[in-house]
Amino acid sequence: MKTVSDPGKPLPGFPDALLKSTIVDDAPLNKLLFEVVIYPKRLTVDEFDWILDLYRAVCPKDRIRLFKIAELPFWSQVADPILTQSARAVGRAPYSFFEAARKRISAGRSVEAQLWDGCEIDDAQGTFNLNIEALKRRKQGLAWYVRFLFPLDFATGQLARLLRTLVDRIDVFSGHGGPVFAFARDKKDEAFTEIYAKARRFWGIDIDMLDLTPFRMRSELKSPCWLNALGSPFRDDPDVAARTKDLRADPDVTVFDQRHATVFVLGAEPDALDRNRLTKKVLVYQRMAEVMDGNILDVIGPLAGDGFISNAGATDAWLHRFSPASNWMAVPNV
């Protein structure tokens, strides 16, 4: 095994130690990308199509190459799609290959609809991906999430505008955005062992937990990210609203009141928040954690990998790393 640096274009706050990753089978175990995630309360077919149009507006046309739906257990070419019977019936309508997903939405069934550029984790270009999913449990109904993934050279100002645009149209519980650890799905344990070591040092990078959290996001929040969107019931809570007043006065925080959520941007640019060189930037994230107090995800783990599994409570400690009573600094580095 060897390590290499990601050849992307990192922001000044992203040091080489964060971008390096162990290479296994000629591919890195993890990679830094940008994400924007929302947790809708529901999605209609019209909103589904609107999200597809929004993705098309922010993703270069030549990077919309592959699609995936629940009915097809493989990726198919957008330019030469494998069509379901329902897709063939609608002819040449935009994104007709998603017609089966539209029917699932109308019927209240689980949904998977993805667009991807086909760039694997070892690709120097990074990757563009849109994932719209609804998970279904008999007693809990549907839990939705929509995630956009972008390369590190994607304009950060567009990330903030994208989240604001989404929550102005879509009724959400919450949302978040900024840098995130992507990982090799077929080597998850090894990847998360390395992600744990990086997360111990770099507090400003989100960890993908979408396999664990969607149903929890109705009443809980992800820990502070560079971008944070609080929809109802959170922003309507009197205690949260009271704590938000102080945050609005912070010159390092930009607040946008959109139709369905309030968006908080913590600083002018995303920052890795290197614990070895923590600056006053971390104070903004701690203030955001105070606003979220009592609502941040808890008892969620453990995540994969030796570090999270061998250190009891490490996953929860990471989620609460910005909280006043945080013990993330005290968790062993093993």
Side-chain angles (χ1 to χ4, degrees), residues 34-118 127-136 141-150 154 158-177 210 214 217-218 227 229 231-232 256 258-261 263:
F34 283 136
E35 68 174 357
V36 170
V37 184
I38 60 169
Y39 303 95
K41 295 176 180 177
R42 65 196 66 82
L43 275 187
T44 65
V45 171
D46 285 345
E47 289 169 337
F48 173 80
D49 285 335
W50 177 82
I51 291 171
L52 295 178
D53 288 339
L54 183 60
Y55 181 69
R56 187 167 55 180
V58 298
C59 178
K61 186 177 180 180
D62 64 349
R63 301 288 289 268
I64 302 177
R65 300 168 185 163
L66 301 170
F67 76 93
K68 191 174 184 293
I69 55 176
E71 285 72 14
L72 298 176
F74 47 79
W75 293 93
S76 178
Q77 295 283 340
V78 168
D80 185 22
I82 296 174
L83 299 178
T84 61
Q85 183 176 352
S86 59
R88 290 193 294 272
V90 298
R92 295 183 178 273
Y95 293 127
S96 60
F97 46 78
F98 279 139
E99 191 61 22
R102 296 184 182 98
K103 288 185 174 296
R104 282 176 168 267
I105 293 171
S106 297
R109 300 173 61 196
S110 61
V111 177
E112 178 190 9
Q114 292 198 62
L115 290 170
W116 181 39
D117 61 3
T127 191
F128 283 88
N129 173 248
L130 170 67
N131 188 6
I132 304 174
E133 292 219 24
L135 309 178
K136 188 167 187 177
L142 294 173
W144 286 92
Y145 69 84
V146 178
R147 182 182 67 178
F148 294 70
L149 281 179
F150 303 104
F154 190 80
Q158 283 200 59
L159 292 176
R161 284 193 294 273
L162 175 60
L163 182 56
R164 291 176 59 197
T165 301
L166 284 164
V167 301
D168 217 37
R169 173 68 183 267
I170 307 297
D171 192 3
V172 300
F173 292 108
S174 66
H176 52 86
L210 287 171
M217 303 311 291
R218 297 169 177 175
L227 304 175
S232 60
F256 300 95
Q258 308 299 145
R259 182 182 179 191
H260 294 294
V263 176

Peer 1: For the pair Tyr55 and Phe148, name the ring-plane relationship: parallel under 30°, tilted 30 to 60°, perpendicular over 60°.
Peer 2: tilted

Peer 1: Is Arg164 positioned over the aromatic face of Phe256, cation under 6.0 angstrom from the ring centre and no more than 45 degrees off axis?
Peer 2: yes

Peer 1: Using atom types as modelled and distance alone, determine if a side-chain donor or acceptor of Asp117 lies under 3.5 Å from a backbone N or O of Leu66.
Peer 2: no

Peer 1: Ignoring hydrogens, what is the shortest heavy-atom contact between Gln114 and Asn131? Give both atom names and the distance.
Peer 2: CG-OD1, 3.2 Å

Peer 1: Can you see which heavy atom on Leu115 is nearest to which on Trp75, and at what distance?
Peer 2: C-CZ3, 4.4 Å

Peer 1: Checking the side chain of Arg88 only, and the main-chain atoms of Leu83 only, is there a donor and an acceptor separated by less than 3.5 Å?
Peer 2: yes

Peer 1: Please give me the minimum heavy-atom distance between Glu35 and Arg147, naming the atom from each residue.
Peer 2: OE1-CD, 4.1 Å

Peer 1: Restricting to non-hydrogen atoms, name the atom on Arg218 and the atom on Leu142 that form the minimum distance, rounded to 0.1 Å.
Peer 2: NH2-O, 2.7 Å

Peer 1: Please name all residues satisfying ring-ring contact (aromatic ring centres under 6.0 Å, His included) with Tyr145, sequence neighbours left out, ordered by chain then number.
Peer 2: none

Peer 1: Is a side-chain N or O of Ser110 found less than 3.5 angstrom from the main chain of Lys136, in a donor-acceptor match?
Peer 2: no

Peer 1: Do Tyr95 and Phe67 have ring centres separated by under 6.0 Å?
Peer 2: no

Peer 1: Taking all heavy atoms of Leu135 and all of Pro214, pick out the closest pair and write down the distance.
Peer 2: CD1-CG, 3.8 Å

Peer 1: Between Arg104 and Glu71, is there a salt bridge with N-O shorter than 4.0 Å?
Peer 2: yes

